[in-house]
Every structure is written in C-alpha cells, then in structure tokens.
Amino acid sequence: MKKILSLIVSLVFCTVLFAGCAKTPASNSDGSKGSETSKKTLKVALLIPGNLGDKSFFDAANNGIKLIKSELGAETKVVEMGTDQTKWEPTLQDISEGDWDIIISGNSASELLNTIADKYPDKKYINFDNATDKASKNVYAMSYKTNEVSFLAGALAGLVTKSDMPLANKDNVIGFLGGMDIPGINDFLVAYIQGAQNVNPYVKVITSYAGSFTDPAKGKEISNAQYSSKADISFNVAGGTGLGLIDSATENNKYAIGVDSDQAMIYKATDANKASHIVSSAVKNIDKAVLDAVKRYQAGTLKYGVNDSLGLKENAVGLAKNEYYNALPQNIKDKLDELTTKVSSGEIKVKSGFTMSAGEIEAFRNSVKP
C-alpha cells in the first residue's frame with residue numbers, strides 16, 4: 001500500500017512539474033523571454049492634416065492604415081485634424097503622450113511633426129509625405145518625385161489633345177488646375193508642361209490656381225472656364241478642390257487627369273459616367289509606401305533622420321493603368337511606356353519646381369500660355 005501511495009505522489013509531482021515547465025516562456029535568441037502569442041500588438045496612429053473624403057491624397061494615406069491593420073494585425077487610429085492649423089500641435093502632442101508605437105503624419109504638418117518629434121525622442125514617427133528637406137532623428141520621412149509622374153501626365157495630355165479620341169477637339173490646348181501657387185504644386189506644373197512639350201512641341205497650357213485645396217465649387221468654376229477656352233483635357237492637382245474639375249469635365253464632356261489616388265476607380269462604383277472622363281491619374285503609391293515603412297519598423301531596418309525621395313524607379317509614383325487607361329489608343333500607351341523607361345533610367349531629366357526660381361517658373365508658364 002505504501003508503495004502504491006508513493007507511486008501516486010511521484011506521478012502527481014511530475015505532472016505538476018511538467019505543467020509548470022510548459023508554462024515557462026522559451027528564451028529568444030537575444031536572451032529575452034517571450035513567444036509569438038505573447039508579443040505586444042503593434043499600435044499605429046495616423047494624423048491627417050485635413051479631412052478624409054478628398055478621394056485623393058489623404059484617402060490614400062488612410063488606405064495605408066487599413067493595409068497595416070489587415071496585413072499586420074495592428075491596432076490603428078486615424079485622427080482628422082481638420083483645416084484649423086491651431087489645433088494640429090495639441091493633437092499631435094496628445095497622441096505623442098499615448099502608447100502608440102508609430103505616429104504617422106506629414107504633408108502640410110511636416111515642420112510641426114519634426115518639432116513634436118524633437119520633444120518626444122523616445123517615440124518613432126513616419127512622415128508619409130515630407131514637405132521639407134528635413135527629418136528629425138526619430139522621424140523616417142518619405143517624399144515623392146511628383147515631377148516624374150507629372151511629366152507623364154503632361155505627355156498624356158499632350159497626346160490626347162492632338163489625337164482623334166471622341167472628346168478631343170481640333171485645338172492644341174490643355175489645362176492645369178493647381179490648389180495654390182506654391183513650390184509643391186509648381187513641381188507638378190513645370191514637369192507637366194515639359195512632358196506635354198516632349199510629345200507636342202506647339203501645345204498651349206492654361207494654368208489656373210484656386211487658392212484652396214478644399215473648395216470643389218471653385219475648382220468647378222475655374223475648370224468650366226478652361227474647357228470653355230478650348231482645353232479638352234485638364235490635370236487636377238488641387239486636392240478636394242480638384243474634385244470640381246472632374247465634375248466640370250463630366251458636364252462639359254471633356255477629359256480629366258486625376259491625382260494622388262486612382263480617382264477613376266474610386267468614382268466607378270457610384271458614378272461610372274464621371275469615372276469614364278478620367279483617362280488616368282498621376283498616382284502616389286502612398287498606401288504601399290506607408291505599409292512598407294511599418295514593415296521595416298517591425299523588422300528593425302527602418303532608418304530615422306532621413307528623407308527618402310521615391311520616384312518611378314522605386315514604383316512609388318506612376319500613371320494609374322486601369323480599364324480607362326487601357327482603352328486609350330495603343331500608340332499613346334506605347335509612347336508613355338517609352339517615356340517611363342527614359343525617365344526611370346535618367347535619360348530624360350525632368351524639371352522641378354523646387355529647383356527653379358519663381359521668375360523662372362513664371363516665364364516657363366507664360367511661354368505656353370494660349
């Protein structure tokens with residue numbers, strides 16, 4: 001009987017001991033304790049210096065957050081900071097005092113993001129579109145070679161206006177709608193003109209600035225004037241204001257080129273007629289760039305204090321190649337493929353509004369005025 005009791009006690013002791021061992025986390029290669037199931041959930045916050053719904057730039061950044069949530073299982077938060085810039089600093093500061101692993105913002109809040117990052121050196125930040133040439137030591141910044149894709153947009157417009165496409169007229173005139181007369185927009189403009197001239201040396205360009213990125217009614221009014229002045233295609237580089245250009249193109253039965261996101265496909269589900277007037281969009285692959293940066297953060301390979309300038313070569317920008325683009329005449333698509341290769345390789349040097357003086361930009365703009 002004593003032997004049986006002794007055996008039972010021994011079995012119980014071993015069972016308890018084994019169970020305890022099973023609960024002990026294995027050591028990682030760095031000596032720390034943990035397992036896949038005990039890993040802390042990644043927390044990522046996006047602060048929009050404006051509002052969602054622009055069907056363009058900010059919506060593209062928001063889509064990047066959706067990818068981070070679905071692909072990486074992260075906990076995410078999106079804050080629309082609105083257009084009142086006095087509210088941006090307290091909002092960024094409040095988020096920085098939370099337990100977010102990565103805080104993403106930028107564009108018109110780029111300077112402020114660097115200022116806040118300096119105050120919170122233990123936090124990590126990503127600038128999804130750097131509007132400066134700086135990045136604080138705990139900020140990874142991205143900027144896009146918008147002049148490269150705008151060159152292609154200009155070439156597209158220049159080819160369309162001299163084509164026999166159904167909505168093209170006999171006049172060799174194209175349009176450009178910018179949100180404001182600032183270097184970032186003029187970076188698009190000078191490359192757009194250069195691209196159009198590359199394929200159509202005698203093209204004329206109507207350039208207009210709305211003075212706002214959030215006024216679709218103003219964008220429509222200006223675009224109506226452009227189309228009435230013989231333009232048969234115009235390029236929207238005006239954020240929410242540019243949605244008015246797309247409205248105008250539809251009502252005037254003309255062509256439009258979208259910006260930042262694939263605007264034709266965004267519209268397709270709700271207004272196929274409007275989508276059909278957008279021959280392509282000059283796209284920044286912001287969503288993919290943001291996802292890639294966060295993946296590098298997880299892998300420990302993300303570099304801070306740098307500003308990566310991303311272009312056609314990195315597939316960070318390009319023309320949207322959707323069903324409407326695919327319906328373009330083959331000779332237009334072939335020419336755009338040729339130009340894409342030449343810009344990517346550096347054979348074609350594209351002008352930039354960041355390296356030209358205000359006087360040079362104005363003279364260049366006036367040289368193609370109708």
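FYI, the numbering just counts along the sequence from 1.
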Name of the residue among V343, T340, T341 meeting side chain to side chain contact (heavy atoms under 4.5 Å, CB included) with I348: V343
Look at the rings of F188 and F235 and say which category their plane angle falls in: under 30° parallel, 30 to 60° tilted, over 60° perpendicular. perpendicular
Using atom types as modelled and distance alone, determine if a side-chain donor or acceptor of [X] lies under 3.5 Å from a backbone N or O of [Y].
| X | Y | answer |
| --- | --- | --- |
| T132 | E111 | no |
| D187 | G353 | yes |
| N138 | K124 | no |
| S248 | G244 | no |
| S234 | A256 | no |
| N366 | E362 | yes |
| E148 | L312 | yes |
| Q197 | Q194 | no |
| S261 | Q263 | no |

Is the shortest distance from a Lys or Arg side-chain nitrogen in [X] or [Y] to a carboxylate oxygen in the other one below 4.0 Å?
| X | Y | answer |
| --- | --- | --- |
| D337 | K333 | no |
| E89 | K119 | yes |
| K218 | E221 | no |

Supply the atom-to-atom distance [X] [atom1] to [Y] [atom2], rounded to the nearest 0.5 angstrom.
| X | Y | atom1 | atom2 | answer |
| --- | --- | --- | --- | --- |
| S223 | N236 | OG | CG | 8.0 Å |
| D129 | I104 | CG | CD1 | 13.0 Å |
| D133 | F354 | CG | CZ | 10.0 Å |
| T91 | E80 | OG1 | CD | 12.0 Å |
| S163 | L159 | OG | CG | 8.0 Å |
| I278 | Y324 | CD1 | OH | 8.5 Å |

Does K230, at its NZ atom, have more than 12 non-hydrogen atoms belonging to other residues, nucleotides or ligands within less than 6.0 Å? no
Do the non-hydrogen side-chain atoms of L302 and I126 ever get within less than 4.5 Å of each other? yes
With a 4.5 Å cut-off on side-chain heavy atoms, are K77 and K43 touching? no
Within one Ile-Leu-Val-Met-Phe-Trp-Tyr cluster: Y120 and Y304, side-chain cutoff 4.5 Å: no
Among the clusters formed by ILVMFWY side chains lying less than 4.5 Å apart, do I102 and Y125 turn up in the same one? no
Quiz item: cation-pi between R296 and Y140, 6.0 Å / 45°: yes
In short, side chain to side chain donor-acceptor pair (under 3.5 Å) pairs touching residues 278-291 with sequence neighbours left out are N63-D287
